[in-house]
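Residue indices begin at 1 and follow the sequence shown.
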Amino acid sequence: MSERTRGEHARTELVEAAIRLLADGGAEALQARKLAAEIGASTMAVYTHFGGMAALTEAVAREGFRRLIANMATVGQSDDPVADLYGLALAYRRTAVEHPELFTLMFREAGARGQAVGDLMKDNPESEAAASFRGMVAAVARTIETGRLKGDPLSVASQIWSAIHGYVTLELLGHFGRGDRGVAEVLSPLCVTLVVGLGDSPAAARASVGLVTTTV
């Protein structure tokens, strides 16, 4: 194994260890000492491969966005772009439900660095955060092209993303109970209301959302 390969392997190990610690103990568990113990190394491993906890935390956030992108990629494209858009909303929620602490850290890191997801679309188009949002913008553009929604794709995607993120944040805080109750009672009707307000007909919106089943 080359030195470069060993370094990449060590960085991956540290990021995965950090995600496990996040899941078990929250952001407070992200400490060099605990990370080193998790992978059976000295605390110098963090500084050797990342230069410190700040860069490691950023790498963890980037991995979180990569997982969000992977979940969104499972939706694909059907003949119903509004159903696909709702599928993305569920994929977004799935990422949060599967990794709530990681999900919180992802957006906290982006905000702390002055890298709002919408701004990253323009300022750093190759970033993972930008790529995750770009998927939603593309899905919105398809609904606009078919005439079901109206407006600028970036603006409309920002509105939809804000509403979905708000719902997910509240669900993670326990406001909608356990399981899929909140999806049926809040998220689904919220998405119908959103697309109707953005130009779709109520009947078409309800039919499209009804085509998609909850996966978490």
Side-chain angles (χ1 to χ4, degrees), residues 19-20 22-28 60-61 63-78 80-111 116-118 128-129 132-140 142-143 148-149 151 155-216:
I19 291 173
R20 291 194 299 272
L22 264 177
D24 293 339
E28 297 78 12
V60 170
E63 173 60 21
F65 279 110
R66 282 193 286 269
R67 294 185 181 194
L68 173 58
I69 292 167
N71 272 334
M72 293 173 68
T74 64
V75 176
Q77 292 185 3
S78 72
D80 190 326
V82 171
D84 296 341
L85 196 57
Y86 181 56
L88 289 180
L90 292 179
Y92 192 90
R93 172 189 177 255
R94 183 167 69 248
T95 304
V97 171
E98 290 175 346
H99 305 284
E101 294 291 344
L102 176 59
F103 186 83
T104 300
L105 180 139
M106 289 157 50
F107 288 96
R108 185 173 67 240
E109 276 293 299
V117 172
E128 291 85 357
S132 68
F133 187 48
R134 191 182 300 115
M136 189 170 290
V137 175
V140 166
R142 287 184 63 229
T143 67
R148 292 189 63 178
L149 300 187
S155 175
V156 171
S158 296
Q159 294 173 59
I160 293 173
W161 170 62
S162 297
I164 295 169
H165 190 86
Y167 166 83
V168 167
T169 300
L170 288 171
E171 182 179 353
L172 291 183
L173 292 172
H175 290 283
F176 301 122
R178 295 180 179 276
D180 296 334
R181 176 182 173 185
V183 174
E185 296 182 359
V186 182
L187 183 59
S188 293
L190 170 63
C191 288
V192 170
T193 300
L194 277 170
V195 296
V196 169
L198 291 163
D200 204 11
S201 74
R206 286 193 294 270
S208 293
V209 169
L211 290 173
V212 186
T213 58
T214 305
T215 55
V216 174

Chemist: Testing the basics here: between T95 and R67, what is the closest heavy-atom pair and its distance to 0.1 Å?
Modeler: OG1-O, 4.3 Å
Chemist: Show the nearest heavy-atom pair for residues S132 and F65, with the distance to one decimal.
Modeler: OG-CD2, 3.7 Å
Chemist: Does the ring center of Y92 lie less than 6.0 Å from the ring center of F103?
Modeler: yes
Chemist: How long is the span from the OG1 atom in T74 to the CZ atom in R94, to the nearest 0.5 Å?
Modeler: 4.5 Å
Chemist: Work out which heavy atom in A83 is nearest to a heavy atom in V212; give both atom names and the distance.
Modeler: O-CG2, 3.4 Å
Chemist: For A205, is there any backbone N or O sitting under 3.5 Å from a side-chain donor or acceptor partner on S208?
Modeler: no
Chemist: For the atom pair CG (D84) and CE (M136), what is the distance rounded to the nearest 0.5 Å?
Modeler: 12.5 Å
Chemist: Working to the nearest 0.5 angstrom, can you tell me the gap between H165 NE2 and R93 CZ?
Modeler: 14.5 Å
Chemist: Atom CE in M106, atom CD in E101: separation rounded to 0.5 Å?
Modeler: 13.0 Å
Chemist: Can you see which heavy atom on L102 is nearest to which on G64, and at what distance?
Modeler: CD2-CA, 3.8 Å
Chemist: Might you work through the side-chain contact (heavy atoms from CB on, under 4.5 Å) test for L85 and R148, ending with a clear yes or no?
Modeler: CA-CA 12 Å; L85 196 57; R148 292 189 63 178; over 6 Å; no
Chemist: About how many Å separate CG of D180 and CG of L90, when rounded to the nearest 0.5 Å?
Modeler: 9.0 Å
Chemist: Is a donor on one side and an acceptor on the other found under 3.5 Å between the side chain of S188 and the backbone of V183?
Modeler: yes
Chemist: Taking all non-hydrogen atoms of both residues into account, name the closest pair between S158 and F133 and its distance.
Modeler: OG-CZ, 3.5 Å
Chemist: Does atom CZ of R20 have more than 12 heavy-atom neighbours, drawn from other residues, nucleotides or ligands, at distances under 6.0 Å?
Modeler: yes
Chemist: What do the steps show when you test I160 against L198 for side-chain contact (heavy atoms from CB on, under 4.5 Å), and what is the final call?
Modeler: CA-CA 10 Å; I160 293 173; L198 291 163; 3.9 Å; yes
Chemist: How close do C191 and A89 get, heavy atom to heavy atom, and via which atoms?
Modeler: SG-CB, 4.2 Å
Chemist: Could you grab the distance from atom CG of L194 to atom CG of D200, nearest 0.5 Å is fine?
Modeler: 11.5 Å
Chemist: Would you say the side chain of E171 lies within less than 4.5 Å of the side chain of L187, judging by non-hydrogen atoms?
Modeler: no
